[in-house]
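Within every chain, numbering begins at 1; the chains are lettered A, B, ... in the order of the sequence lines, protein sequences first and strands thereafter.
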2 protein chains.
Amino acid sequence: MSETIVIAQGGGPTAVINQTLAGAVLEARRRHPGCRVLGARHGVRGIRDGDYVDLGGRSEDELRRIAATPSAALGSTRDKPDAAYCETILAGLRKVSADAFIYIGGNDTAGTQQILTEASGGSMAFVHAPKTIDNDLEQNDHTPGFISAAEFVASAFLSVDLDFRALPGIYAGIVMGRHAGFLTAASAAWRLDDDSGPHLVYVPERAFDRARFVDDIKATMARHGRCIIALSEGISSASGRSLVEDLIPAEMLERDAHGNVRLSGTDLGQAIERILAEDLKGVRARVDTFGYLPRGNIGMISPVDAQEAFDAGVFAFDAATRGGGSVALQEEDGKTVIRLVPLSAVAGKTRHMPDDFLEPDENRLSAKGHAYLDRLLPRRFDPGMPFV
Amino acid sequence: MSETIVIAQGGGPTAVINQTLAGAVLEARRRHPGCRVLGARHGVRGIRDGDYVDLGGRSEDELRRIAATPSAALGSTRDKPDAAYCETILAGLRKVSADAFIYIGGNDTAGTQQILTEASGGSMAFVHAPKTIDNDLEQNDHTPGFISAAEFVASAFLSVDLDFRALPGIYAGIVMGRHAGFLTAASAAWRLDDDSGPHLVYVPERAFDRARFVDDIKATMARHGRCIIALSEGISSASGRSLVEDLIPAEMLERDAHGNVRLSGTDLGQAIERILAEDLKGVRARVDTFGYLPRGNIGMISPVDAQEAFDAGVFAFDAATRGGGSVALQEEDGKTVIRLVPLSAVAGKTRHMPDDFLEPDENRLSAKGHAYLDRLLPRRFDPGMPFV
């Protein structure tokens with residue numbers, strides 16, 4: 001099948017999304033020499049606008065090099081097409097006589113592929129290849145991009161904890177994650193011992209309570225002489241509203257086209273700083289917004305993540321020859337296996353971090369949470385223990 | 001000489017300050033087998049309080065492992081002793097019959113050693129071994145700790161620039177640096193081509209002007225379709241006040257014991273976010289506070305930096321046998337050489353980034369600035385060029 005393949009990247013970039021691109025392109029060329037592979041620039045916008053890169057003509061060397069480069073080489077988009085937009089995309093795909101469209105992204109991307117599948121009436125194969133640092137795709141044990149970002153977060157917290165052993169105080173690092181706490185939980189992956197930070201981990205899945213937060217910090221300071229805190233940008237109060245929404249006047253909130261409040265700013269950092277200054281007076285306290293640093297850091301690309309992302313791309317092409325669907329990384333006997341699942345099982349759904357990854361009623365990881373991280377993120381550093 | 005050596009670490013930790021510690025300890029033991037090496041916990045506080053670690057009894061393996069570990073293994077302090085405090089320190093050193101005191105730190109640390117030298121009347125050797133990510137010590141071409149932190153900043157900006165090629169907008173990253181712009185300038189070290197960010201670099205040495213800032217961003221957006229900005233936390237307006245002081249009400253400013261305004265918070269990030277929201281309405285804009293992430297990141301330790309820091313420690317012990325002084329990393333024919341300089345030439349002085357490291361009247365690096373960074377930070381990554 002498949003004389004013409006269109007491929008695109010959607011949503012937030014990762015460290016390894018270009019591996020998936022390269023995997024799909026190279027597999028298409030291997031199995032169908034002479035096939036046409038068109039890369040749409042900026043996701044479905046490129047299809048709408050007829051803006052393509054001819055990926056068939058690129059050398060394997062160039063593709064391998066771009067594979068090792070973070071961020072989405074074709075450009076990305078936040079567009080979440082509705083039915084009408086999907087008709088335009090379908091017309092664009094027909095215009096280039098596409099036999100298959102492989103779209104690399106998260107659950108919104110899977111949603112687009114589901115709409116397109118239904119709209120096309122089976123005339124074309126639509127494949128979703130997984131990608132997200134949030135690790136929040138249903139049907140997946142973990143997602144390409146997560147491990148590299150998680151290693152960044154784990155090493156950052158290991159390092160900051162060592163820093164605050166030297167100069168004690170309270171440290172809060174705010175980590176991306178609107179609905180799922182996996183990436184924030186990864187902050188605890190490489191703790192050295194029971195004294196190590198992060199001592200407190202706040203994720204969107206557990207309601208945030210200011211009084212409890214302050215009490216937890218006081219208890220930690222009493223016990224460890226310092227307090228290292230990891231917070232998801234999407235933490236919410238019991239009312240269900242994000243902390244940012246609770247603390248910032250409504251007219252100052254920035255919303256995207258889908259009405260989602262922007263969380264990646266420094267608002268939450270400012271709010272946390274205010275709480276610490278008001279309720280823990282006189283204690284040295286510092287707040288950093290990790291923001292974009294973990295999600296595609298060229299200095300912290302996991303070889304395992306890179307290989308899995310590449311393999312997912314290879315599999316995605318195969319899936320196109322089998323009629324389409326969603327590519328999923330699953331776990332079997334402690335190993336990662338790649339399987340094809342229905343788009344409907346992934347599209348528009350958010351996988352939350354299991355509640356038992358945290359201790360009941362506590363803001364720290366459980367043995368189960370640690371076991372999950374240990375499997376995906378074997379410790380990469382073995383530092384000496386400080387003399388303090 | 002030197003039967004008893006006291007060693008301590010002061011100021012903000014770095015990725016390699018423990019290399020200097022290990023270098024000095026191992027050299028002391030090599031040249032004076034059986035000598036006593038006492039590590040004071042939390043800098044001069046440990047001497048004041050008689051709180052020491054016996055470093056003579058630690059295995060070389062343990063010392064090599066702690067050398068490879070970021071942050072100050074002995075703990076650190078922000079204490080800047082006055083004459084009376086120095087008398088207490090001197091009494092503490094005499095109590096343990098110290099022949100020499102090696103203090104690893106920045107210009108305040110050198111200042112302490114200068115006061116102690118004068119107060120001791122030549123009865124003891126005082127050595128300052130250099131350490132600072134700010135790279136702001138006089139007499140030094142660069143300082144141990146800078147290269148590792150600079151590589152973190154360079155790779156972060158290289159990565160974020162790739163991210164914003166995929167999803168365009170304005171990005172501002174705030175980097176540590178109260179008075180010296182070296183670390184912020186390092187953001188431009190690994191630009192890939194003329195289109196690469198950071199497109200704008202703001203350092204404490206150049207007055208910050210809001211209107212000019214906004215104009216520069218507009219021009220950059222028009223030319224590159226995105227705008228990546230690196231800002232030092234210590235940027236100041238023409239009035240000489242830091243931007244944070246200009247924008248935050250005086251009663252809300254946090255000051256340390258020396259009256260310095262705290263800059264490491266998210267206040268500046270908030271201020272920049274406000275400027276972007278007000279003056280560049282509707283443009284996607286994101287601000288991150290790098291804060292503590294660059295200064296001792298275990299995933300980004302430069303082998304060159306590590307070796308130079310170790311060598312500075314070895315040299316520091318030698319300097320103790322020669323009566324003391326300040327250890328300086330200097331440049332000769334493109335190589336780093338270590339020399340002993342007078343404490344007075346370093347103590348309490350700040351080395352600023354040379355004005356000609358930036359283009360005249362522009363917020364971007366000059367050829368001279370790039371040449372300096374190229375020498376210290378040869379490019380470590382060779383990514384592929386994106387298709388957008």
Side-chain angles (χ1 to χ4, degrees), chain A residues 9 12-13 18 39 41-42 53 55 62 65-78 151-152 155-156 158-160 162-163 165-167 171 173 254 264-267 269-270 273 277 286-293 295-300 380-388, chain B residues 9 12-13 18 39 41-42 53 55 62 65-78 151-152 155-156 158-160 162-163 165-167 171 173 254 264-267 269-270 273 277 286-293 295-300 380-388:
Chain A
Q9 299 170 309
N18 292 330
R41 287 198 179 89
H42 294 291
V53 190
L55 293 170
E62 185 186 358
R65 201 165 149 216
I66 205 71
T69 301
S71 186
L74 289 171
S76 192
T77 179
R78 291 280 180 200
E151 289 200 347
F152 182 98
S155 67
L158 165 57
S159 305
V160 166
L162 290 167
D163 193 307
R165 287 179 197 238
L167 287 173
Y171 178 85
E254 186 184 324
S264 51
T266 60
D267 293 340
Q270 190 82 0
E273 238 173 27
R286 299 291 180 262
V287 181
D288 290 330
T289 309
F290 285 29
Y292 290 79
L293 298 181
R295 86 174 180 188
N297 199 288
I298 197 165
M300 190 84 53
R380 277 213 1 233
F381 302 103
D382 187 27
M385 285 308 293
F387 305 121
V388 285
Chain B
Q9 299 171 308
N18 292 330
R41 285 198 181 89
H42 294 292
V53 190
L55 293 170
E62 184 185 359
R65 201 165 148 216
I66 205 69
T69 301
S71 187
L74 290 170
S76 192
T77 178
R78 290 280 180 199
E151 289 199 348
F152 182 97
S155 67
L158 166 56
S159 304
V160 167
L162 288 167
D163 193 307
R165 288 179 197 237
L167 286 173
Y171 178 85
E254 187 185 325
S264 50
T266 59
D267 293 340
Q270 192 82 357
E273 238 172 29
R286 297 292 180 261
V287 181
D288 290 332
T289 309
F290 284 29
Y292 290 79
L293 298 181
R295 86 175 181 187
N297 198 287
I298 199 166
M300 188 83 55
R380 276 207 8 229
F381 302 104
D382 187 26
M385 286 306 294
F387 305 121
V388 285

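- Using a 4.5 Å cut-off between heavy atoms, A:Y171 touches chain B through its side chain atoms alone.
- The candidate with the highest count of non-hydrogen atom pairs below 4.5 Å against chain A, out of B:M385, B:H42, B:R380, is B:H42.
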Steps toward side chain to side chain contact (heavy atoms under 4.5 Å, CB included) verdict (B:V160, A:L293): CA-CA 7 Å; B:V160 167; A:L293 298 181; 4.3 Å; yes

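- Looking at A:L74, the atoms closer than 4.5 Å to chain B (heavy atoms on both sides) sit in the backbone and in the side chain alike.
- Within the 4.5 Å cutoff, the side chain of A:D382 has heavy atoms near those of the B:R65 side chain.
- Of the atoms belonging to A:A72, heavy atoms from both backbone and side chain fall under 4.5 Å from chain B.
- Neither the backbone nor the side chain of A:N18 comes within contact range of chain B, judged by heavy atoms closer than 4.5 Å.
- Chain A forms the most heavy-atom pairs under 4.5 Å with one residue out of B:T77, B:I298, B:T69, and that residue is B:I298.
- Of the two parts of A:R295, only the side chain, counted from C-beta on, holds a non-hydrogen atom closer than 4.5 Å to a non-hydrogen atom of chain B.
- Taking 4.5 Å as the limit, some side-chain heavy atom of A:N297 sits within range of a side-chain heavy atom of B:S155.
- Looking at B:Q270 and A:D267, their side chains come closer than 4.5 Å, going by heavy atoms from C-beta outward.
- Note that the CD1 atom of A:I66 and the CZ atom of B:F387 stand 5.0 Å from one another [nearest 0.5 Å].
- When all heavy atoms of B:L167 and A:P13 are compared, the pair lying nearest together is CD1-CD, 3.9 Å.
- Relative ring orientation between A:F152 and B:F152 is described as tilted, the plane-to-plane angle lying within the 30° to 60° band.
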